[in-house]
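Sharing a structure here in structure tokens format.
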Amino acid sequence: MKHATRFVCVTMFCLHVLTSFGQSKRLTYCNPLNLDYGYTPFEDFAAWGKHRATADPTMTLFKGKYYLFSTNQFGYWWSTDMLNWKFVYRKFVRPYNQVKGDELCAPATLVLGDTLLVIGSTYNKDFTLWMSTDPTTDTWKAAKDYFQVGAWDPGMFADDDGRLYIYHGSSNTLPLYGQEIDRHTFEPIGPKKELVKLDPEKYGWERFGENNDNVFLKPFIEGSWMNKHDGKYYLQFGAPGTEGKGYGDGVFIGDKPLGPFIYQKHNPFSYKPGGFAKGAGHGATWADKFGNYWHISTMVIDVKNNFERRIGFWPAGFDKDGVLYANTAYGDYPHYLANGKEDHLKSNFTGWMILNYNKPVQVSSTLGAYAPNFAVDEDIKTYWSAKTANKGEWLQTDLGDISTVYAIQINYADQDAKFLGKSLGVCHQYIIYSSLDGKKWKVLVDKRNNKKDVPHDYVELKSPAKARYLKLENIHMPTGKFALSGFRVFGKGTGSPPDTVKNLIVLRGDSERRNAWLRWRQTNGAIGYTIYMGIAPDKLYNNIMVYNANEYYFNGMDRDLPYYFQIEAFNENGISKRTAVIKVE
């Protein structure tokens, strides 16, 4: 009996070790994605400064690998794990079908059997539809030399019966269109069909502007994408404009691939107007190797040009009622990648909090008004810049107390960059030191020999480290000054999370039912708040992260629906309990 007991104990211990090991090896990521983004290829777009830029991403699982295409990158990325990406340089646009200098703008992809198809945006009828059976290398050939649809912001879809469709449109006056395509000849079948359009008079989030309140310009509908789930067709679109923090994706649902379509009550389904990096529009929804859905989309910077943008992705899915959602809560904090089948209504958030929000900063030098604390203010639009890009320029952040550091994200800003278009073979090199007392330092991260271009470098430490001070020292910049929009330290503080928020009030007027004014009592120790809202008490799928404020004007409501709200507070130690749900008629 003693031997049996010992065997059971040893077995349980081994299982515990194996489980712990498996959990410790679960991959994490942090938005914006750390891709070697190309710089804008257009001189006129760089009049306020040369800068990295991309948008309009599509993600496709093909032969066990993930392929990511986006606007004007002179190539694309592929990965086996959605974390480590390899770039394949490729020019898809032929000289005779050049469109306004674009390389591959707002591309569409489609898997047909053992072949991956890709095409960019055009209004012409001489664009090439490309195909490859092994896109890990530049092995593409023309599937159709002259693709006749002439679609801008296209999305392609293959139904279960083998029939093909294309959806397209990008306009603030015209709708989205759909059309069938012959599977064998890739010729259009019949005329294009008008499918859906915006209704900003009813849906507040569809109004143009940073806060969905600018009526001087009609909103844009763009970025078509189609998924089929449980026999229903989900036609997705981006709105109201890529420049605003409320840039999101909405969805219509139909019983047939060309409609008619009905507006989903939960809209936008992809939405991220708060936090460090904002925006979650013009994207794509796909399933990973385990069958879990994700949504990839455009994130907004809009400093040097309104088309200065990045890419992020979010856990997504369809709930029991067939509602399409994307979970963007704490969406620019570290999250776990899937290692099996999971429920994306439950958070993938690691629980590692921002440790240095608005904490004291010291620097080696400062260029003009690009002040040091802009590197820790949780706003990607603002940044600190040193006077030079010299080796030895540095920034030091004080966490305020000895904390446990799990991960760091270094977000470089483009100050006095010299590049246009895609630059190959460039890299960032740096060292991060840590200290308990600000006097004795040790190397925490050593990338002196890094050979990769890492504009949003995300580093998960091999093991958590105790530190109060972190110092980032520049070794090499690919171009421009040593400048940071975010030196973000994630982990756990030694104190307690904030108390539950008190006195949440939501005011919704009779004259303007698309808007609401939210106010609440400041919570001691909180650095920010996450507001949850939705069209049912069990469907609070959208959220807004607010730093250092106790009010928010939410202008994204459906005029005719009641809404439900909750709020929670957070700090470097964790997250409070949520308040009770409030219903607003």
Side-chain angles (χ1 to χ4, degrees), residues 38 40-45 53-58 60 69-76 89-110 112 115-132 135 138 140-158 164-197 220-226 235 237-238 241-242 258 282 284 298 306-307 309 420-422:
T40 180
F42 308 115
E43 283 279 5
D44 55 342
F45 283 13
T54 195
D56 321 318
T58 173
T60 306
F69 291 79
S70 64
T71 290
N72 285 330
Q73 294 304 289
F74 297 86
Y76 55 94
Y89 185 83
R90 164 79 189 189
K91 286 188 176 182
F92 286 97
V93 178
R94 291 170 163 176
Y96 65 80
N97 53 33
Q98 190 77 24
V99 180
K100 297 181 180 178
D102 283 314
E103 167 39 33
L104 195 66
C105 183
T109 55
L110 181 67
L112 282 184
T115 303
L116 180 65
L117 301 176
V118 65
I119 192 169
S121 295
T122 181
Y123 287 122
N124 301 325
K125 298 182 181 299
D126 61 354
F127 227 51
T128 304
L129 176 67
W130 296 97
M131 61 183 288
S132 176
D138 182 9
W140 295 84
K141 61 181 181 181
K144 185 75 172 178
D145 279 311
Y146 300 99
F147 189 60
Q148 295 295 302
V149 173
W152 201 270
D153 280 13
M156 301 183 74
F157 170 71
L164 301 187
Y165 300 88
I166 190 167
Y167 307 89
H168 60 92
S170 179
S171 173
N172 66 343
T173 58
L174 302 174
L176 293 186
Y177 299 95
Q179 192 169 19
E180 188 174 356
I181 305 170
D182 187 281
R183 185 183 181 97
H184 303 288
T185 66
F186 298 111
E187 291 288 331
I189 298 175
K192 65 182 181 182
K193 181 180 179 181
E194 182 177 315
L195 299 181
V196 297
K197 59 179 64 176
F220 289 80
I221 187 170
E222 54 196 8
S224 301
W225 186 264
M226 174 66 81
L235 177 58
F237 64 94
T242 194
L258 291 179
H282 193 143
T298 304
N306 59 327
F307 294 132
R309 297 163 293 178
L420 283 176
K422 183 66 181 180

| field | Nearest-0.5 Å distance that lies between atom CD1 in Ile119 and atom CD1 in Ile166 | value | 6.5 Å

| message | Show, in sequence, the C-alpha distance, side-chain angles and deciding distance for His282 and Asp56, and conclude whether the side-chain hydrogen bond (donor to acceptor under 3.5 Å, both in side chains) test is met. | response | CA-CA 5 Å; His282 193 143; Asp56 321 318; 3.1 Å; yes

| query | When you measure from the side chain of Ser121 to the backbone N and O of Cys105, does any donor-acceptor pair fall under 3.5 Å? | reply | yes

| note | Shortest non-hydrogen pair, Pro135 vs Ser132, comes out as N-OG, 3.3 Å

| said: Would you say the ring centers of Phe45 and Phe307 fall short of 6.0 Å from each other? | reply: yes

| Nearest atoms (heavy-atom pairs only) where Ala106 meets Asp153 | CB-OD1, 3.1 Å

| query | Do Lys193 and Glu180 sit within salt-bridge range, that is, some charged N less than 4.0 Å from a carboxylate O? | reply | no

| task | Kindly determine whether Thr242 and Thr298 satisfy side-chain contact (heavy atoms from CB on, under 4.5 Å), including the steps that lead there. | result | CA-CA 8 Å; Thr242 194; Thr298 304; 4.1 Å; yes

| message | I need the Leu112 CG to Met156 CE distance, nearest 0.5 Å. | response | 7.5 Å

| note | Residues Ser70 and Ala55: closest non-hydrogen pair is CB-O, 3.2 Å

| message | When you measure from the side chain of Gln73 to the backbone of Ala53, do you find a donor-acceptor pair of N or O atoms at a distance under 3.5 Å? | response | yes

| message | Quick one, Phe92 with Tyr76, criterion side-chain contact (heavy atoms from CB on, under 4.5 Å). Give me CA distance, side-chain angles, the key distance, then yes/no. | response | CA-CA 10 Å; Phe92 286 97; Tyr76 55 94; 3.9 Å; yes

| query | Quick one: does Ile181's side chain get under 4.5 Å of Ile189's, heavy atoms only? | reply | no

| Any sub-3.5 Å donor-acceptor pair from Thr128's side-chain atoms to Trp130's backbone N or O? | no

| side-chain contact (heavy atoms from CB on, under 4.5 Å) assessment of Gln179 paired with Val149 | CA-CA 8 Å; Gln179 192 169 19; Val149 173; 3.9 Å; yes

| note | One should read off an interatomic distance between Asp138 CG and Tyr89 OH, to the nearest 0.5 angstrom, of 10.0 Å

| Any chance the rings of Phe147 and Phe127 have centres within less than 6.0 Å? | no

| task | Using a strict 4.0 Å threshold on nitrogen-to-oxygen distance, state whether Arg94 and Asp126 make a salt bridge. | result | no

| request: Verify side-chain hydrogen bond (donor to acceptor under 3.5 Å, both in side chains) between Thr54 and Thr71, making sure each step is shown before the conclusion. | output: CA-CA 5 Å; Thr54 195; Thr71 290; 5.3 Å; no

| task | With rounding to the nearest 0.5 Å, note down the distance linking CG in Leu117 to CG in Leu164. | result | 8.0 Å

| query | So, does Tyr167 use its side chain to make a donor-acceptor pair with the main chain of Phe237 at under 3.5 Å? | reply | no

| Within the distance-only criterion (no hydrogens, no angle test), does the side chain of Lys144 pair as donor or acceptor with the backbone N or O of Thr185 below 3.5 angstrom? | yes

| said: Quick check: closest heavy atoms across Gly421 and Phe74, and the distance to 0.1 Å? | reply: CA-CE1, 4.4 Å

| said: Nearest 0.5 angstrom please: Leu110 CG to Met226 CE, how far? | reply: 12.5 Å

| message | With side-chain contact (heavy atoms from CB on, under 4.5 Å) as the criterion, how do Leu235 and Val196 come out once you've worked through the C-alpha distance, each side chain's angles and the decisive distance to 0.1 Å? | response | CA-CA 9 Å; Leu235 177 58; Val196 297; 4.1 Å; yes

| field | Residue pair Thr60 / Leu116, side-chain heavy-atom distance below 4.5 Å | value | yes

| task | Taking the side chain as every heavy atom from C-beta outward, state whether Ser224 and Leu176 have any pair of such atoms under 4.5 Å apart. | result | yes

| remark: Between Asn72 and Phe42 the two heavy atoms that sit nearest each other are ND2-CE1, 3.6 Å

| query | Which pair of non-hydrogen atoms, one from Ser171 and one from Thr173, has the smallest distance, and what is that distance? | reply | OG-N, 2.9 Å

| note | Rounded to the nearest 0.5 Å, the NE2 atom of His168 sits from the CG atom of Leu195 at a distance of 8.5 Å

| message | For the backbone of Phe220 and the side chain of Asn172, can you confirm whether one donor and one acceptor N or O come within less than 3.5 Å of each other? | response | no

| said: Any side-chain to backbone donor/acceptor pair from Lys197 onto Pro175? Under 3.5 Å, distance only. | reply: no

| query | Given side chains that start at C-beta, do those of Tyr146 and Leu129 come closer than 4.5 Å, heavy atoms only? | reply | no

